[in-house]
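A quick write-up on the structure given underneath.
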Amino acid sequence: MKEKIKALALFSGGLDSALAIKLVQDQGVEVIALNFVSHFFGGKNEKAEKMAEQLGIKLEYIDFKKRHMFVVEDPVYGRGKNMNPCIDCHSLMFKIAGELLEEYGAHFVISGEVLGQRPMSQNAQALEKVKKLSGMEDLVLRPLSAKLLPPSKAELMGWVDREKLLDINGRSRHRQMELMNSYGLVEYPSPGGGCLLTDPGYSSRLKVLEDDGLLKDQHSWLFKLIKEARFFRFDKGRYLFVGRDKESNMKIDEYRKEKNLKFYIHSAEVPGPHLIANTDLSDEEIEFAKNLFSRYSKVKGNEKINLNNSGNIETVDIVDLKKLDEEIKKYQQL
């Protein structure tokens, strides 16, 4: 009986990874999708699950947060324009997929990477670095650009037919979109994005944590808060977080309870943001926080209001907005 060939796929649920799977599936290879979960990307999501369902494949979530943090902290090949260590990150995902080959009875690993799609991390040299650092060498197949790259083991062993793979090069995704439509695969996320580490604003805030010595897995709750809330830094490692909307207020409440934080501000009467600090605050800093609540509340700092300061109902007078704006410029991390 002929051996059933299986592959593991790095799978975001997006256009390129889905098409790479389809190309290999059509050659009779059974594919299992791996969605890697870090603090900055991946994780359970409806779009990835819908795409897996359309493809008729099993989807597994692989939590690699702790291992990924070592790559974020000290990448061998450095970072891109922001905090993104793309080459090291891709290498780690391939390495872990390689470690899982035996467990899933799989023969090789595929990904939706396209030659030249990202100038720094997906040029020919970078793709070779990824293979070398991962230790996977010829076990990596990139179906979308396979004809432009050296043959992989899957091609040499006849597990897949190289002639049925593609030669896509560059940043345009028109060809991929046309192919997806021809396969009848719909509802895939818009191309691009997905990783917070490629976002300039988020990276700028994360760099503040790094400079303060807090770019560590045990401080991962801060990674979430700098995304969800307004972020103010008083001094090294001393932060105030202010909710932007109902959803971020709920996140702030979750972390306050989880971390048993002493300082918080909530509404007493007038709707407004929820605030927490990761440290004890001085009287001046508390006054600043109270004024911020008023400024971002329904009254916009223009009326005298009551608020809940860590369980105590206190009054805030009309805010000197010009002075507060200067303080905001001093402390806010954009």
Side-chain angles (χ1 to χ4, degrees), residues 36-45 61 63-75 79-86 88-89 92 193-266 272-282 284-286 288-290 292-293 295-296 309-310 327-334:
F36 282 83
V37 185
S38 80
H39 292 301
F40 310 103
F41 61 82
K44 209 162 177 60
N45 71 88
Y61 291 101
D63 189 325
F64 78 139
K65 294 186 186 80
K66 289 186 178 179
R67 289 177 73 173
H68 186 248
M69 280 310 302
F70 290 114
V71 162
V72 175
E73 290 172 46
D74 188 22
R79 294 170 176 156
K81 286 165 85 174
N82 300 297
M83 290 287 283
N84 49 309
C86 292
D88 293 70
C89 178
L92 179 59
C195 177
L196 287 171
L197 298 176
T198 64
D199 180 83
Y202 182 83
S203 290
S204 175
R205 297 189 293 276
L206 191 65
K207 187 70 171 67
V208 172
L209 300 188
E210 180 178 48
D211 291 344
D212 286 352
L214 299 177
L215 191 63
K216 304 287 182 185
D217 187 70
Q218 62 265 38
H219 303 297
S220 61
W221 66 289
L222 296 174
F223 308 161
K224 304 294 188 296
L225 275 174
I226 63 171
K227 173 180 179 284
E228 301 287 346
R230 296 180 180 93
F231 175 33
F232 297 85
R233 178 185 183 273
F234 294 121
D235 202 350
K236 183 176 181 178
R238 301 181 65 253
Y239 311 134
L240 176 72
F241 298 97
V242 182
R244 296 180 183 276
D245 49 34
K246 184 178 179 180
E247 189 175 331
S248 62
N249 280 349
M250 289 171 63
K251 288 286 183 187
I252 281 174
D253 291 346
E254 283 176 24
Y255 287 116
R256 176 174 69 84
K257 292 168 186 172
E258 181 185 318
K259 299 298 177 181
N260 196 26
L261 301 175
K262 295 177 183 177
F263 175 81
Y264 65 91
I265 288 178
H266 283 186
H274 293 188
L275 289 76
I276 55 172
N278 70 329
T279 183
D280 292 333
L281 301 184
S282 68
E284 291 80 7
E285 290 162 351
I286 291 172
F288 171 70
K290 288 160 64 175
L292 276 182
F293 174 89
R295 169 69 179 81
Y296 293 126
N309 175 7
S310 309
E327 291 176 325
I328 288 173
K329 287 177 186 175
K330 179 179 177 182
Y331 297 124
Q332 187 167 22
Q333 307 301 309
L334 297 172

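Note that the coordinates shown come from a computational prediction; the quantities given were computed from them, not determined experimentally.
Smallest separation of non-hydrogen atoms from K216 and F223: O-CZ, 3.3 Å. The minimum heavy-atom distance linking F232 with R230 is given by the pair CE1-CB, 3.8 Å. When every heavy atom of L197 is checked against every heavy atom of P85, the shortest pair comes out as CD1-CD, 3.9 Å. Contact between I252 and A229 at its shortest, heavy atoms only, is CD1-CB, 4.0 Å. The nearest pair of heavy atoms linking S282 to E285 is N-OE1, 2.9 Å.
For the pair V242/F293, no side-chain contact is recorded, criterion being any heavy-atom separation below 4.5 Å from C-beta on. Side-chain contact between H39 and M69 is present, with heavy atoms from C-beta onward closer than 4.5 Å. Considering only heavy atoms from C-beta on, M83 comes within 4.5 Å of L215 through its side chain. Looking at Y264 and H274, their side chains never come closer than 4.5 Å, going by heavy atoms from C-beta outward. Side-chain contact between L222 and Y255: absent, with no pair of heavy atoms (C-beta onward) separated by less than 4.5 Å. Two residues are said to be in side-chain contact when any heavy atoms from C-beta on lie closer than 4.5 Å; R238 and L281 meet this criterion. By the 4.5 Å heavy-atom criterion applied to side chains, R244 and E247 are not counted as neighbours. At least one side-chain heavy atom of C89 sits under 4.5 Å from a side-chain heavy atom of F41.
Put simply, the side chain of R256 never gets that close to the backbone of F263: no donor and acceptor are under 3.5 Å apart. A donor-acceptor distance shorter than 3.5 angstrom exists from the side chain of S203 to the backbone of D199, with no hydrogens or angles considered.
To the nearest 0.5 Å, the span separating CD1 on I328 from CZ on R295 amounts to 6.0 Å. Of the inter-residue distances, the one linking L275 atom CG with N309 atom CG reads 9.5 Å to the nearest 0.5 angstrom. Atoms NZ and CG, on K329 and L334 in that order, are 11.0 Å from each other to the nearest 0.5 Å. The structure places CD of Q333 at 11.5 Å from CG of L240, a figure rounded to the nearest 0.5 Å. Residue L225 holds its CG atom at 9.5 Å from NZ of K251, rounded to the nearest 0.5 Å. The NE2 atom of H219 sits 9.0 Å away from the CG atom of L209 when rounded to the nearest 0.5 Å.
In this structure, a donor-acceptor pair under 3.5 Å is absent between the side chains of N249 and H266. Counting only N and O atoms by type, the side chains of D217 and S220 include no donor and acceptor under 3.5 Å apart.
Judged by the 6.0 Å distance and 45° axis criteria, R205 is not positioned over the aromatic ring of F231.
By the 4.0 Å N-to-carboxylate-O rule, E327 lies too far from K330 to be salt-bridged with it. Ion pairing between a basic and an acidic side chain is recognised when a charged N comes within 4.0 Å of a carboxylate O; K207 and D211 show such pairing.
The side-chain hydrogen bond (donor to acceptor under 3.5 Å, both in side chains) with Y239 is formed by just one residue from the set T279, N278, D212; it is D212. Shown are R67, K66, K65; of these, the salt bridge (Lys or Arg N to Asp or Glu O under 4.0 Å) with D63 is made only by K65.
Taking the ring centroids of Y331 and F288, they lie under the 6.0 Å cut-off.
By the neighbour-count criterion of 12 heavy atoms within 6.0 Å, atom CD of Q218 is densely surrounded, having more than that number from other residues, nucleotides or ligands. Under a cut-off of 6.0 angstrom, the local environment of NZ in K224 is crowded, with over 12 non-hydrogen atoms contributed by other residues, nucleotides or ligands.
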> How far apart are the C-alpha atoms of F36 and L92, what are their side-chain angles, what is the distance that settles it, and do they pass the side-chain contact (heavy atoms from CB on, under 4.5 Å) test?
Replying inline: CA-CA 10 Å; F36 282 83; L92 179 59; over 6 Å; no

